[in-house]
Amino acid sequence: MIKFQRKTRGFFSLLLLLLLFGSCQNTEQERVEQPVASDVEVEKLISEMSLVDKVGQMTQLTLDMVLVGPPYGAVEPQRIDSSLLRKVIVDLRVGSILNCGGHTYPRSFWNETIKTIQDLSMSTNGIPVLYGIDAIHGVNYTDSATLFPQQIGLAATWNPDIVRELAEITAYETRASSIPWNFSPVLDIGRDVRWPRLWETFGEDPYLASTLATAMIEGYQGDDISDETKVASCMKHFLGYSQTLTGKDRTQAWIPERQLREYFLPTFEAAIDAGAKTVMVNSGEINGIPVHVNSWVLKDLLRDELGFDGLIVTDWEDIKYLVSRHRVAVDYKEAIKMAIDAGIDMSMVPVDYDFPVLLRELVEEGEIEESRLDESVRRILTLKKELGLFDSPYPELYTHSEFASEASRQKSELAAKQSITLLKNEAGILPLADGADVFVDGPNADNLMALNGGWSHTWQGTDPQYNTPGKSTVKDLMPGGSANSKYIVLCLGESPYTEKVGDIEDITLAQDQLDLVKDYADKGKKIIVVLLEGRPRIISEIEPLCDAIVMAYLPGDEGAEAIRSVLFGEFNPEGKLPFTYPRHPSSHTTYDHKYTDRLDPQFGANAFQPQYEFGHGLSYTSFEYSDLVITKDSVNFDEDIEISISIENTGSISGRETVMLFVSDSVASITPSVKRLRSYQKIGLAAGEKKTCNFKLNSRDLAFVGRDLDWISEPGDFIVRIGGLSEVFYMKGEDNKVFE
Ligand code: BGC
Ligand code: BGC
């Protein structure tokens with residue numbers, strides 16, 4: 001068994017503990033002080049470093065730059081080109097390398113490659129290289145690693161505990177591949193379902209995403225990242241990346257500061273509180289300013305206000321793109337100056353050798369102070385030191401005997417099961433009886449890649465030759481009926497994509513898939529649709545033809561068994577949608593919309609008609625909510641609001657339910673949302689069992705960002721809504737309460 005260290009710190013750990021015991025408490029979040037990066041050894045090292053050493057530390061190249069063959073075209077079998085490696089490490093003193101040479105590698109390749117790099121770096125200037133990778137659903141670039149559901153599926157579990165456990169396993173398997181730095185989690189809020197990276201997020205709600213972000217970071221980092229089972233996490237992509245006007249990747253965003261603070265900042269704030277060590281910058285622009293040159297975002301907000309003292313890395317090639325895409329700099333050198341001035345510490349260059357040369361010139365020409373480089377180098381060296389890389393630049397080969405263990409596989413399967421969300425179950429057609437006559441069809445039925453999505457063995461996740469051997473597709477595990485079978489299970493959705501490649505012109509499910517459903521409907525079949533997709537594709541045309549609809553997201557290598565066990569009732573579904581599933585292509589509205597968003601053309605209030613609501617998810621049992629009680633009718637700003645509710649399992653099998661607490665602010669100085677998620681608990685109930693859940697909120701939990709851009713809470717009526725019940729309490733006070 002892997003021995004995972006548990007960290008018990010701060011508010012969210014308390015939340016987790018209380019979740020376990022079926023009671024939940026919200027308290028003021030306490031900020032964990034970031035370590036001040038000043039350390040005698042680090043300072044000594046900086047004082048001895050040359051300018052070449054310093055600019056090198058701030059440079060990150062992709063692995064291709066030291067492999068035989070051109071960038072994006074490493075020659076197979078892949079191997080290090082020793083003259084390129086000398087150029088990169090000895091001449092340029094490059095401090096960081098990332099990525100894989102296009103596809104997944106065996107652990108032995110990772111270990112040997114990184115050992116070669118580290119040995120040369122240590123013998124050159126005694127500074128280890130910081131290797132980083134996107135291990136976003138398990139260490140997806142190492143052969144046979146445990147692959148988990150993608151983040152959107154994890155969000156559907158509403159279970160911080162399992163998110164933490166998976167992150168622990170990911171950290172372990174990443175370190176087992178000799179890599180100490182993980183470009184995860186994505187903390188962008190997925191409020192535009194067209195966005196091709198929606199599946200990399202924890203969904204549309206900042207509170208749910210913040211609780212899961214905290215769990216993930218604690219799982220990755222533990223108490224001590226020098227432990228060779230832990231990695232440094234990387235919050236990405238700061239800030240406002242997900243909310244583009246077009247819904248397409250890396251296009252412009254217009255986000256007023258108030259909304260930026262209220263919806264897009266909280267996940268990062270929670271992650272910093274949880275001790276996240278690094279952050280990656282948003283490739284895009286907000287309000288006309290590329291974030292890579294926006295010192296207000298990177299300094300005022302991130303450093304000064306949030307107190308983040310860790311490493312800021314650019315995203316892929318983004319300094320160059322300031323010239324070629326964003327057109328805010330005339331040439332690469334000017335772009336470097338702008339990005340350094342804005343506050344970046346390390347450039348993910350990653351496919352040219354010019355960055356360190358030009359940065360050095362800028363210092364020699366007096367355009368950038370050397371002391372400015374020292375600040376960044378200090379952060380980089382401090383991180384390397386905290387990771388224990390000076391003492392042990394790579395683990396010995398095969399120290400990590402629990403790599404891809406059976407226990408880890410089981411955790412992945414459990415997470416996939418917990419993520420699966422039963423959207424529709426007409427006349428209780430599911431679960432299927434043992435021996436039911438079932439035929440499985442659809443483009444994603446016999447496709448392992450469709451279970452994993454992007455960032456799986458290759459960047460796009462579309463090359464089957466790297467699939468983990470022995471993993472099953474849905475078709476592999478389901479009974480093999482014929483097209484004449486009574487029940488047709490149709491695996492529909494999307495094919496894998498990552499980033500820009502996933503931009504779409506139409507959010508509707510592909511026409512051939514809609515037609516497939518209609519064909520089977522014409523034949524009078526019982527239709528069960530399983531959706532394997534990274535974002536909700538519109539299904540309103542065929543939804544009435546389906547007897548059951550199961551949302552599986554991108555459940556990973558164990559997804560097929562998870563789907564099978566849900567279809568046959570061996571696992572009672574408990575997933576809940578972490579986003580609003582739209583009904584119409586031009587009508588996507590989040591659950592926490594404003595009252596005006598409900599106005600319909602008949603001047604009624606029926607415009608909000610999503611296919612399925614945020615938080616929706618059926619079970620094979622039934623839960624009845626009763627006795628919603630708020631202990632006091634009115635409270636003042638300093639008092640806790642205590643709320644209790646009873647939930648009874650009124651069905652005949654055990655099940656797990658996510659109890660969601662929403663609050664509506666009746667009247668406010670900023671138009672209030674119809675409701676906001678303010679807390680949740682996940683509980684298990686045996687058949688017939690009844691439990692009481694207790695919640696405690698305070699005025700900060702009800703706060704919003706006001707006209708002066710502060711978090712405030714206002715006196716007045718608030719409506720607490722849980723499971724279809726509601727109760728009102730009054731917040732007393734002369735003035736608004738302003739929070740720091
Ligand atoms: C993506 C990041 C990723 C980085 C390194 C970028 O294109 O936007 O999410 O971490 O590449 O692979
Ligand atoms: C991705 C990298 C990927 C590269 C391949 C980038 O945008 O983030 O991780 O390997 O493109 O072209």
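Values below: all heavy atoms of this structure, side chains included; hydrogens, waters and symmetry mates excluded. One is the number of the first residue; the rest follow in order along the sequence. Atoms within a ligand are numbered from 1 in the order they appear, just like the ligands themselves. Because the structure is a prediction, the values reported are computed rather than measured.
At a heavy-atom distance under 4.0 Å, only side-chain atoms of R250, from C-beta outward, approach ligand 1. When non-hydrogen atoms are compared, ligand 1 lies under 4.0 Å from the side chain of R197 (C-beta onward) but not from its backbone. Here L98 has side-chain heavy atoms under 4.0 Å from ligand 1, and that is the only part of it that gets that close.
Ion pairing of D315 with R250 is present here, as a side-chain N (NZ or NE/NH1/NH2) and a carboxylate O approach within less than 4.0 Å. Comment: R379 engages D309 in a salt bridge, judged by a side-chain N to carboxylate O separation of less than 4.0 angstrom.
Residue contacts with ligand 1: S283 is placed with no nitrogen or oxygen under 3.5 Å of a nitrogen or oxygen of the ligand (distance criterion only). At under 3.5 Å, a nitrogen or oxygen of E499, whether backbone or side chain, sits near a nitrogen or oxygen of ligand 1. Here's the thing with H237: one of its N/O atoms is less than 3.5 angstrom from an N/O atom of ligand 1. In terms of polar-atom proximity, D315 is counted as a contact of ligand 1, with an N or O under 3.5 Å from an N or O of the ligand.
Each of the following atoms of ligand 1 lies closer than 4.0 Å to a heavy atom of M280: 2 (C), 10 (O). For ligand 1, the atoms sitting less than 4.0 Å from at least one non-hydrogen atom of W316 are 6 (C), 7 (O), 11 (O), numbered in the order shown with element in parentheses. For ligand 1, the atoms sitting less than 4.0 Å from at least one non-hydrogen atom of D134 are 3 (C), 5 (C), 10 (O), 12 (O), numbered in the order shown with element in parentheses.
Under a cutoff of 6.0 Å and an axis angle of 45°, K230 and Y220 do not form a cation-pi pair. In this structure, R535 is positioned above the aromatic face of Y497, its NZ or CZ under 6.0 Å from the six-membered ring centre and within 45° of the axis. Under the 6.0 Å distance and 45° angle rule, K236 does not count as a cation-pi partner of W181.
Residues P196 and G247 approach most closely at CD-O, 3.5 Å, considering heavy atoms.
In summary, the aromatic rings of H103 and Y466 are positioned with their centroids under 6.0 Å apart. Side-chain rings of H400 and Y172 approach one another, their centers coming within less than 6.0 Å.
Using a 4.0 angstrom heavy-atom cutoff, Y141 does not count as in contact with ligand 1.
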